[in-house]
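Numbers here simply count residues along the sequence, with the first being 1. Side-chain atoms are counted along with the backbone in the values below, which use heavy atoms only and exclude waters and symmetry mates.
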Amino acid sequence: MAYATQETRAVLHFDADCFFCQVECKRRGLDISSIAVCAQQHQDIISVNTKAKEAGVKKHMLPAEARKLLDPINGRVLHVYCEPTCGRVSYAPYRAASRQIIALIRSYLPSKAIVEVASIDELYVALPGTLRDAEALAATIRSAVLQKLGYVMSAGIAGNRLLSKLASNVAKPNGTLTLHTRQDISYVLAHTKSSKLPGLHPYRHKLVDSHPMVSDLQRLSLQELGNLLELPQSACEKFFRWCRGSDDTAVVATGPPTRYGTHSSFATEHRKVMGSDGKLETRAPVTITSNIETLHAFLKVMITELFDRINEFPHRRPRTMIVSCLLDGQQGAKSRTLVFPSHMNTKAINDVKHTSDNWQTPGVYPEKSLTYLVSAASTAIQSLAHQAAGDAAETTPIHKVSVSVTNFFESIGAQPSIASFLKTQASASTQAPTQASTQAFTHSALTKVTPLLLSADKGSLASVCTSSKHASPTTSPVRKAKIPKVLAPVVVIEEHDDGVNSDDTLRHTDSCQQQQQQQ
């Protein structure tokens with residue numbers, strides 16, 4: 001059984017109690033320990049504190065139902081943070097709080113510790129040594145997070161990854177639970193709902209009556225468990241082990257993400273939504289010809305969010321930006337992959353350092369950088385909408401748009417100023433790029449591309465077909481970072497249907513080559 005009975009290693013699981021409630025109360029200056037509170041995102045309750053749970057509030061219930069339960073006890077239903085410019089939900093303050101918590105926890109860990117960030121409000125830590133040593137460290141860390149940052153965390157400590165998570169859940173609120181003995185493990189398994197096992201939540205309706213707790217699943221053979229879940233035995237083997245407390249899943253150190261993405265959904269008919277002031281307001285549908293200012297406002301916030309994420313690891317730069325659009329009534333989204341400008345200035349003007357005093361201060365980025373990428377994304381969305389709906393695109397509401405960046409590389413040296421970049425862009429828009437300049441620009445992995453040049457006078461994008469030979473596969477993209485400033489940086493790599501994107505490798509279309517051959 002994958003459990004360290006000799007206490008040769010310890011796995012800690014830290015989880016912030018009702019994280020979104022805590023951040024919202026701190027943001028609003030409320031004392032969360034004295035009131036019942038839950039956090040609302042649109043028409044969904046996503047976080048509930050202990051007092052609200054005692055009043056009957058549950059996650060994923062409707063906010064109106066939660067208010068009926070909380071109003072008699074002077075409780076609060078708090079909507080998550082919305083950007084003041086457009087009312088779009090933003091996780092910026094929650095990511096900032098998460099970064100603070102994770103950085104503080106790391107500062108207390110020994111050099112041999114392995115840290116796996118599981119989500120915005122939880123992480124695993126694998127430590128060599130005994131469970132008692134880990135228990136002392138967890139107490140120190142929880143106290144530091146509370147005293148220095150004002151957040152309450154619970155911790156679970158066990159000999160494997162699964163049991164540490166289950167232990168922290170049982171330890172809530174504001175507690176630590178260490179599983180030293182087999183009796184401790186049995187206690188946690190008997191007090192954990194079977195739907196809490198990773199992967200079993202979709203099958204909760206099959207378990208709630210006959211096998212409500214994890215320990216109840218131990219009465220089943222592997223074949224009986226497969227019959228209950230209507231799954232093949234091979235798919236049930238991990239559940240069979242987990243319900244007995246056995247888990248050999250390693251804690252894996254998390255590095256920088258390989259992709260950052262953000263999306264926004266729009267009402268496809270006139271609808272009342274929560275505005276930036278916390279009040280309901282009526283919004284019209286967004287199309288590529290009407291209410292376009294709403295689309296641009298959302299895109300600006302989305303790209304600002306991506307800049308925030310990029311700057312979490314400032315020495316990494318994305319090569320590609322992917323824009324997706326889903327129209328009302330369409331079965332799948334259409335996507336376009338663009339080259340992300342390698343000399344685009346994404347550094348915050350205010351050089352934000354998130355501390356306990358300014359933890360919710362947003363980054364302020366160069367307006368020209370934001371305007372340029374908003375224009376590029378908007379143009380891509382208009383083109384995708386026409387591709388999806390033809391002439392009907394002008395009146396078909398946009399249901400969802402997404403923007404993501406991926407294919408990161410290590411950046412060395414200072415970035416050219418955005419002013420000098422845009423100055424050369426004006427001249428580039430009046431002339432077609434030469435084959436030599438295009439070859440130098442597409443230094444990383446491009447073979448056949450369709451550059452979209454940003455017109456300086458009209459703000460529109462004109463497509464020009466070209467082709468080039470790409471550099472040697474062994475050539476480092478960092479060594480080829482000197483890019484001639486004669487070509488606007490937004491380049492179409494590939495278009496996709498049904499939201500399928502090429503994230504890890506750049507695949508190239510042959511459309512330009514075919515057009516040139518026809519000519």
Side-chain angles (χ1 to χ4, degrees), residues 82-83 85-92 95 256-266 286-288 291-313 316-327 330 332-342 344-348 362-388 393 397-408 418 452 454 459 461 488-504 506:
C82 294
E83 289 289 347
T85 55
C86 62
R88 177 182 180 270
V89 168
S90 171
Y91 276 16
R95 286 196 302 270
T258 59
R259 171 176 176 150
Y260 294 122
T262 180
H263 71 271
S264 292
S265 298
F266 300 95
V286 175
T287 72
I288 61 173
N291 203 14
I292 197 68
E293 64 279 357
T294 298
L295 175 62
H296 288 170
F298 272 63
L299 286 174
K300 184 174 182 179
V301 169
M302 292 165 67
I303 291 173
T304 298
E305 181 178 317
L306 290 179
F307 280 8
D308 279 336
R309 306 300 303 277
I310 291 172
N311 282 304
E312 291 176 3
F313 300 91
R316 299 169 70 243
R317 304 279 298 173
R319 289 192 181 93
T320 57
M321 182 172 77
I322 303 166
V323 181
S324 298
C325 175
L326 175 64
L327 298 185
Q330 297 289 326
K334 289 188 176 294
S335 302
R336 177 165 294 175
T337 303
L338 312 173
V339 168
F340 189 91
S342 61
M344 176 67 72
N345 187 356
T346 60
K347 184 177 181 182
V364 178
Y365 297 97
E367 189 67 26
K368 291 181 179 179
S369 297
L370 294 174
T371 300
Y372 179 77
L373 290 181
V374 167
S375 177
S378 177
T379 302
I381 289 171
Q382 293 180 51
S383 176
L384 292 170
H386 279 292
Q387 183 180 341
I398 297 174
H399 178 57
K400 182 178 179 180
V401 297
S402 64
V403 182
S404 59
V405 289
T406 186
N407 290 318
F408 285 85
I418 188 65
L452 298 181
L454 181 62
L461 294 175
V490 181
V491 180
V492 175
I493 298 175
E494 191 175 18
E495 295 182 1
H496 307 275
D497 291 334
D498 301 322
V500 179
N501 302 315
S502 54
D503 296 336
D504 298 324
L506 302 182

Trainee: Could you check whether any side-chain heavy atom of Lys300 comes within less than 4.5 Å of a side-chain heavy atom of Thr85, counting everything from C-beta outward?
Mentor: no
Trainee: In Å, rounded to the nearest 0.5 Å, how long is the span from CE of Met321 to CD1 of Ile303?
Mentor: 5.5 Å
Trainee: Which atoms form the tightest heavy-atom contact between Leu327 and Ala385, and what is the distance?
Mentor: CD1-O, 3.7 Å
Trainee: Describe, in one word, how the ring planes of Phe340 and Phe307 are oriented to each other, choosing from parallel (under 30°), tilted (30 to 60°) and perpendicular (over 60°).
Mentor: perpendicular
Trainee: Just one of Leu326, Thr294, Asn291 clears the side chain to side chain contact (heavy atoms under 4.5 Å, CB included) bar with Phe266, so which one?
Mentor: Thr294
Trainee: Looking at side-chain heavy atoms only, is the closest gap between Glu305 and Arg88 below 4.5 Å?
Mentor: yes
Trainee: If you apply the rule side chain to side chain contact (heavy atoms under 4.5 Å, CB included), what do you find for Phe298 with Val286, and how did you get there?
Mentor: CA-CA 11 Å; Phe298 272 63; Val286 175; over 6 Å; no
Trainee: Search all heavy atoms of Pro257 against all heavy atoms of Arg316 and return the closest pair with its distance.
Mentor: O-NH2, 2.8 Å
Trainee: Only one of Ser404, Ser264, Ser90 passes side chain to side chain contact (heavy atoms under 4.5 Å, CB included) with Met302; say which it is.
Mentor: Ser264
Trainee: If you take all heavy atoms of Leu384 and Lys334, which pair is closest and at what distance?
Mentor: CD1-O, 3.4 Å
Trainee: Does the Thr258 side chain pair with the main chain of Thr406, one donor and one acceptor, at a distance under 3.5 Å?
Mentor: no
Trainee: So which heavy atom on Ile381 is nearest to which on Cys325, and how close?
Mentor: CG2-SG, 3.9 Å
Trainee: Measure the spacing between CG of Leu299 and CG of Leu370 and express it to the nearest 0.5 Å.
Mentor: 11.0 Å
Trainee: So do Ile322 and Arg259 actually touch side chain to side chain, heavy atoms under 4.5 Å?
Mentor: yes
Trainee: Report yes if some heavy atom in the side chain of Ile398 is under 4.5 Å from a heavy atom in the side chain of Ile288; otherwise report no.
Mentor: yes
Trainee: Does any non-hydrogen side-chain atom of Thr304 lie less than 4.5 Å from one of Val301?
Mentor: no
Trainee: Answer yes or no: is there a donor N or O on one side and an acceptor on the other, between the side chain of Ser378 and the main chain of Val374, under 3.5 Å?
Mentor: no
Trainee: State, with a plain yes or no, whether a side-chain heavy atom of Leu373 is found less than 4.5 Å away from one of Pro341.
Mentor: yes
Trainee: Which atom pair, heavy atoms only, marks the closest approach of Ser383 to Arg336?
Mentor: OG-NH2, 2.9 Å
Trainee: How about Phe408 and Tyr260: are their ring centroids closer than 6.0 Å?
Mentor: yes
Trainee: Taking all non-hydrogen atoms of both residues into account, name the closest pair between Ile310 and Pro318 and its distance.
Mentor: CD1-CG, 3.9 Å
